[in-house]
Amino acid sequence: MIPTPHIEVENKDLIAKTVLMPGDPLRAKYIADNFLTKVEKINDVRNMWGYTGYYGKKKVTVMGSGMGMPSIGIYSYELYNFYGVENIIRIGSCGAYTKDLNLYDVVLVNQAYSESSYAKTMGVSSRKTLSASKPLNNKIIKAGEKLNIKLHICNIHSSDVFYRLKHDEFKEIHEKYGADAVEMESFALFANAKALKKKAACLLTVSDSLITHEATTSQERQEAFTKMMEVALNSL
Ligand SMILES: O=P(O)(O)O[C@H]1O[C@H](CO)[C@@H](O)[C@H]1O
Ligand SMILES: O=c1cc[nH]c(=O)[nH]1
C-alpha cells in the first residue's frame, strides 16, 4: 500500500533501510542541510518533512515523527511495513529526572517504561517496559566510542503527557522504574519494531531538567543537538 495516507513516496527505493527520526521535521531538515549529500526531499504530507541522502557512502533517510506515540506509531509502522525499512533510530530531546544528567548530555535508551496502552492495544505486548534492539544499540555504542562522545545508557520514561498537574510525579517514576529521563515516543517505536520484527533504537539529548529547571531554547532543540546526530550517522 504505497503511497500511504501519510507518506507520499511512490518508489520504495527512495527510502533507505535505516531512517533517523527526530520528532521535529525541522530537525530532519537541519540534518539533511548540514550532514548529507545528494539530498532528495521525499515527503511533504502534513509538513512531516523527510529527506534521503548520503552520509559518506551510506544512504540514509531522515524524517520527522511528530510528537507523541500515536504520531510516531503511524510513521514508523508505515516505514517498516510498507517501505521495507529495517532500522529506525529516534533522535529526540528529553527531560532529565536525575541530577546526574546535564543539558546536552546524550542518552542511549536501554529500556522505555510507559503507562501508555500502545503496545497492549496493538496486541504486541502487555508489558509496561520495552527494550531497544541490542544489535542497533551496539552499533551506536561503537560509534560513540569512535567519536569520543559519551553516551549515558539509561532506562527512560516514555510519557503520554507533557504537562502534568502533579509536577512531582516524576520522582516516583524515577524511583519505581529507574527512569532517568522522559520523552514521548520510544515506547510506541519499540512496540512497532517488536510487532514487525524490525530494529529500533533511541538516542536523546537532554533539553531540560526537571530537577534544576534549566532548559534549552526551541532553536537549540532544532539545531544544537549535533553530537547525537553525529553518533546516529556514524552508526550506519
Ligand atoms: O524533540 P523530540 O524528538 O520531539 O522529543 C521530545 O520533544 C517533544 C516535546 O517537546 C516530544 O516529542 C518529546 O519526546
Ligand atoms: O517529553 C519531554 C521532552 C523533553 N523534555 C521534557 O520535559 N519532556
Side-chain angles (χ1 to χ4, degrees), residues 19-32 46-51 61-76 79 88-109 111-116 118 130 132 140 152 154-174 177 179-192 200-233:
V19 178
L20 308 189
M21 291 204 98
D24 181 357
L26 287 169
R27 198 181 304 141
K29 181 176 185 321
Y30 179 86
I31 295 167
R46 293 178 183 241
N47 277 350
M48 196 54 78
W49 300 336
Y51 304 84
T61 296
V62 286
M63 183 173 160
S65 71
M67 287 188 281
M69 290 186 235
S71 189
I72 198 167
I74 290 172
Y75 291 107
S76 59
L79 289 168
I88 296 180
I89 304 174
R90 171 168 149 67
I91 43 175
S93 59
C94 67
Y97 277 0
T98 161
K99 62 173 175 34
D100 297 336
L101 289 175
N102 298 308
L103 294 193
Y104 292 102
D105 279 353
V106 181
V107 168
L108 176 65
V109 176
Q111 292 194 320
Y113 156 77
S114 187
E115 58 282 89
S116 159
Y118 188 95
L130 293 178
I140 292 169
H152 297 258
C154 295
N155 294 341
I156 58 131
H157 178 203
S158 196
S159 178
D160 264 338
V161 179
F162 187 85
Y163 296 109
R164 287 177 185 246
L165 291 182
K166 296 181 193 161
H167 298 297
D168 275 355
E169 206 171 20
F170 79 90
K171 291 179 186 162
E172 204 180 310
I173 297 169
H174 170 63
Y177 299 100
D180 285 336
V182 58
E183 55 79 79
M184 303 181 71
E185 290 83 17
S186 62
F187 186 76
L189 175 63
F190 294 171
N192 278 352
C202 178
L203 272 166
L204 301 165
T205 301
V206 178
S207 58
D208 54 280
S209 168
L210 283 86
I211 309 278
T212 64
H213 305 292
E214 296 167 288
T216 52
T217 64
S218 57
Q219 181 82 7
E220 287 163 342
R221 289 174 203 216
Q222 193 179 307
E223 296 180 354
F225 293 172
T226 49
K227 281 194 288 182
M228 159 179 80
M229 296 170 192
E230 286 176 55
V231 173
L233 288 165

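Ligands are counted one by one from 1 in listed order, and the atoms in each one are counted from 1 as well. Just so you know, residue 1 is the first one in the sequence shown, and it goes up from there. Worth knowing before you read on, the calculation uses all heavy atoms, side chains too, and leaves out hydrogens, waters and symmetry mates.
- The nearest protein atom to atom 4 (O) of ligand 1, hydrogens excluded, is given as Gly23 CA, 3.4 Å; this is a heavy-atom distance.
- Considering backbone and side-chain atoms alike, Pro22 places every N or O at 3.5 Å or more from each N or O of ligand 1.
- Counting protein heavy atoms only, atom 10 (O) of ligand 1 is closest to Phe162 CE1, 3.5 Å.
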For this session: Show your reasoning for whether side-chain contact (heavy atoms from CB on, under 4.5 Å) applies to Ser186 and Ile156.
Result: CA-CA 9 Å; Ser186 62; Ile156 58 131; 3.4 Å; yes
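- When the shell of 6.0 Å around CE of Met67 is examined, it contains 12 or fewer heavy atoms from other residues, nucleotides or ligands.
- Ring geometry, Tyr177 versus Tyr113: the interplanar angle falls under 30°, so the pair is classed parallel (tilted spans 30 to 60°).
- Ligand 1 has an N or O atom lying under 3.5 Å from an N or O atom of Arg27, backbone or side chain.
- Contact check for Ile88 versus Leu189: side-chain heavy atoms found under the 4.5 Å cut-off.
- Scanning for side chain to side chain donor-acceptor pair (under 3.5 Å) contacts around Ser209 gives Thr212, with sequence neighbours left out.
- The single protein non-hydrogen atom nearest to atom 14 (O) of ligand 1 is Glu185 OE1, 2.6 Å, given as residue, atom name and distance.
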Exercise. Would Thr226 and Tyr30 satisfy side-chain contact (heavy atoms from CB on, under 4.5 Å), going step by step from the backbone distance to the final call?
Worked result: CA-CA 10 Å; Thr226 49; Tyr30 179 86; 3.9 Å; yes
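- Proximity of Arg221 to ligand 1, defined as any heavy-atom pair under 4.0 Å, is not found for any part of the residue.
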Which N or O atoms of ligand 2 sit under 3.5 Å from a protein N or O, and how far apart is each pair?
residue: ligand 2; atom: 5 (N); partner: Gly95; partner atom: N; Å: 3.2
residue: ligand 2; atom: 5 (N); partner: Asp208; partner atom: OD1; Å: 2.7
residue: ligand 2; atom: 5 (N); partner: Asp208; partner atom: OD2; Å: 3.4
residue: ligand 2; atom: 7 (O); partner: Asp208; partner atom: OD2; Å: 3.0

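- Ion pairing of Glu172 with Arg164 is absent here, as no side-chain N (NZ or NE/NH1/NH2) approaches a carboxylate O to less than 4.0 Å.
- Given atom 8 (C) of ligand 1, the protein heavy atom at minimum distance is Met67 SD, 3.7 Å.
- Taken from CD1 in Ile31 to CG in Leu233, the straight-line distance is 6.5 Å, to the nearest 0.5 Å.
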Problem set entry | Full working for side-chain contact (heavy atoms from CB on, under 4.5 Å) between Met228 and Ile89 | CA-CA 11 Å; Met228 159 179 80; Ile89 304 174; over 6 Å; no
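- Residue Glu183 has at least one heavy-atom neighbour below 4.0 Å for each of these atoms of ligand 1: 14 (O).
- Thr205 is linked by a side chain to side chain donor-acceptor pair (under 3.5 Å) to nothing, counting only residues two or more places apart in sequence or in another chain.
- Listed by number with element, the atoms of ligand 1 under 4.0 Å from a non-hydrogen atom of Met184 are 11 (C), 13 (C), 14 (O).
- With sequence neighbours left out, the side chain to side chain contact (heavy atoms under 4.5 Å, CB included) criterion links Gln219 to Thr217, Glu223.
- Of all protein heavy atoms, the one closest to atom 7 (O) of ligand 1 is Ser93 OG, 3.2 Å.
- Protein heavy atom closest to atom 5 (O) of ligand 1, with residue, atom name and distance, is Arg90 NH2, 3.0 Å.
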